[in-house]
Amino acid sequence: MVFYAYVKQITDNSTYRYVITFASREVADEWWRAVSTSTVTTFVTSVLRVNAQFYTHNVNVANAANSLTTTGVATQFLGEVFFTLDNDLGGRGLSIIPRLEHFADRISGNSFFIRSKVAPHDYWYYPTSSNTTNAVYVSRTERTRFTVSLSSGTAGTVMIGSDDIVITLTTADLSVNVDATSGQVILSLAPLTTLTLSTLLTNFTVGSSLSVNNETVKELLYTVNGEEWELA
């Protein structure tokens with residue numbers, strides 16, 4: 001699904017206001033990674049991210065719209081992103097972008113619930129008592145918050161699909177890993193080394209139902225062809 005954001009001129013309140021249309025939310029984050037880490041430092045200086053749907057730029061330094069056509073910035077997104085120039089303030093016109101529902105900005109070091117996109121009442125759940133195997137389950141009545149971070153440890157960075165990540169319990173120094181025999185998701189002192197953000201969002205699935213602490217839960221399994229998950 002397409003994803004939208006505003007960008008406004010930082011030095012005045014009337015000119016160079018754009019709506020950016022991205023092919024997807026993932027493309028938006030990848031475009032921002034390209035711009036913010038570009039070797040063309042004028043774009044790094046000019047374009048700032050306020051949040052996922054609001055940017056600023058200083059066109060006297062670099063125009064964000066030109067990121068798609070300037071070598072070394074974000075030309076690889078020319079077929080996935082476009083900018084629409086809004087009327088200046090005197091024109092009174094402003095394009096209203098759609099409201100986001102249940103959106104979580106994927107910022108490294110933040111804590112999230114992890115839930116199914118198909119069945120959004122199904123959450124990852126780690127019972128802290130009578131859990132001898134340290135297993136993580138899927139529950140419709142309970143949920144656990146996890147910290148999702150870049151493996152590099154860089155906090156505050158917008159994560160993209162190819163980033164290596166670590167998922168840890170917010171209340172203890174335990175990380176998401178996988179039992180090599182059963183595929184069951186567990187918590188351990190050592191994190192899963194092959195985990196990327198894309199893997200998190202697509203490589204886990206729900207298994208059989210079982211009772212844990214008198215609660216009905218389901219197994220959470222690691223698999224190549226998994227279901228879709230999201231951060232919440």
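Quick note: numbers below take in every heavy atom, side chains included, and nothing from hydrogens, waters or symmetry partners.
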Between [Y] and [X], is there a side-chain heavy-atom distance shorter than 4.5 Å?
X	Y	result
Glu142	Asn213	no
Arg106	Leu201	yes
Val206	Glu219	no
Leu174	Leu189	yes
Ile107	Asp105	yes
Lys8	Asn13	yes
Val176	Leu187	yes
Phe146	Ile114	yes

Which residues share a side chain to side chain contact (heavy atoms under 4.5 Å, CB included) with [X], sequence neighbours left out:
X	answer
Ala135	Asn131, Thr133, Tyr137, Gln184
Thr70	Phe43, Asn66, Val73
Phe77	Val27, Glu30, Trp31, Ala34, Leu68, Ala74, Glu80, Val81
Asn203	Thr199, Tyr222

Shortest non-hydrogen separation from [X] to [Y] and the atoms involved:
X	Y	result
Ala62	Ser46	O-OG, 2.6 Å
Val35	Ser67	CG2-CB, 4.0 Å
Leu192	Asn177	CD1-OD1, 3.7 Å
Ala5	Phe22	CB-CE1, 4.0 Å
Phe3	Ala52	CE2-O, 3.5 Å
Val166	Ser175	CG1-OG, 3.8 Å

Pairwise distance [atom1]([X]) to [atom2]([Y]) - rounded to 0.5 angstrom:
X	Y	atom1	atom2	result
Ile186	Tyr126	CD1	OH	10.0 Å
Thr15	Asn87	OG1	CG	12.5 Å
Phe112	Thr170	CZ	OG1	12.0 Å
Glu26	Leu197	CD	CG	8.0 Å
Tyr125	Leu220	OH	CG	14.0 Å
Ser139	Glu215	OG	CD	6.0 Å

Review point. Side chain of Thr202, backbone of Ser198: donor and acceptor closer than 3.5 Å?
Key: yes

In this structure, would [X] and [Y] fall into the same cluster of hydrophobic residues linked by side-chain contacts under 4.5 Å?
X	Y	answer
Ile97	Trp32	no
Leu78	Phe83	yes
Val7	Leu100	yes
Val59	Tyr6	no
Val40	Val61	no

**Study point:** Check: Ser149/Thr147 side-chain N/O donor and acceptor closer than 3.5 Å
**Key:** no

Check your understanding: So which residues get pulled into Phe113's cluster when ILVMFWY side chains under 4.5 Å apart are joined, directly or through others?
Key -> Tyr123

Practice item. Using the side chain to side chain contact (heavy atoms under 4.5 Å, CB included) rule, take Val148 and Met159 through it: C-alpha gap first, then chi angles, then the decisive distance, then the call. Key: CA-CA 9 Å; Val148 183; Met159 297 178 289; 3.8 Å; yes

Determine which pairs satisfy salt bridge (charged side-chain N to carboxylate O under 4.0 Å, His left out) with at least one residue from [range], sequence neighbours left out, and list them in order.
range	answer
residues 65-77	none
residues 182-191	none
residues 220-232	Arg115-Glu230
residues 154-167	Arg33-Asp163

Review point. Among all residues two or more places apart in sequence or in another chain, which pass the ring-ring contact (aromatic ring centres under 6.0 Å, His included) test with Phe82?
Key: none

Point to revise | Where at least one partner belongs to residues 166-193, residue pairs that pass ring-ring contact (aromatic ring centres under 6.0 Å, His included), sequence neighbours excluded | key: none

Check your understanding: Tell me the side-chain hydrogen bond (donor to acceptor under 3.5 Å, both in side chains) pairs involving residues 53-63, sequence neighbours left out?
Key -> Tyr18-Asn63, Asn58-Asn60

Point to revise | Evaluation steps, salt bridge (Lys or Arg N to Asp or Glu O under 4.0 Å), between Arg17 and Asp12 | key: CA-CA 10 Å; Arg17 302 180 300 172; Asp12 65 48; over 6 Å; no

Exercise for review: Flag yes if more than 12 heavy atoms outside Asn51 fall under 6.0 Å of its CG atom; otherwise flag no.
Suggested key: yes

Exercise for review: Apply side chain to side chain contact (heavy atoms under 4.5 Å, CB included) to Leu48 and Ile10, showing your working.
Suggested key: CA-CA 9 Å; Leu48 300 177; Ile10 194 64; over 6 Å; no

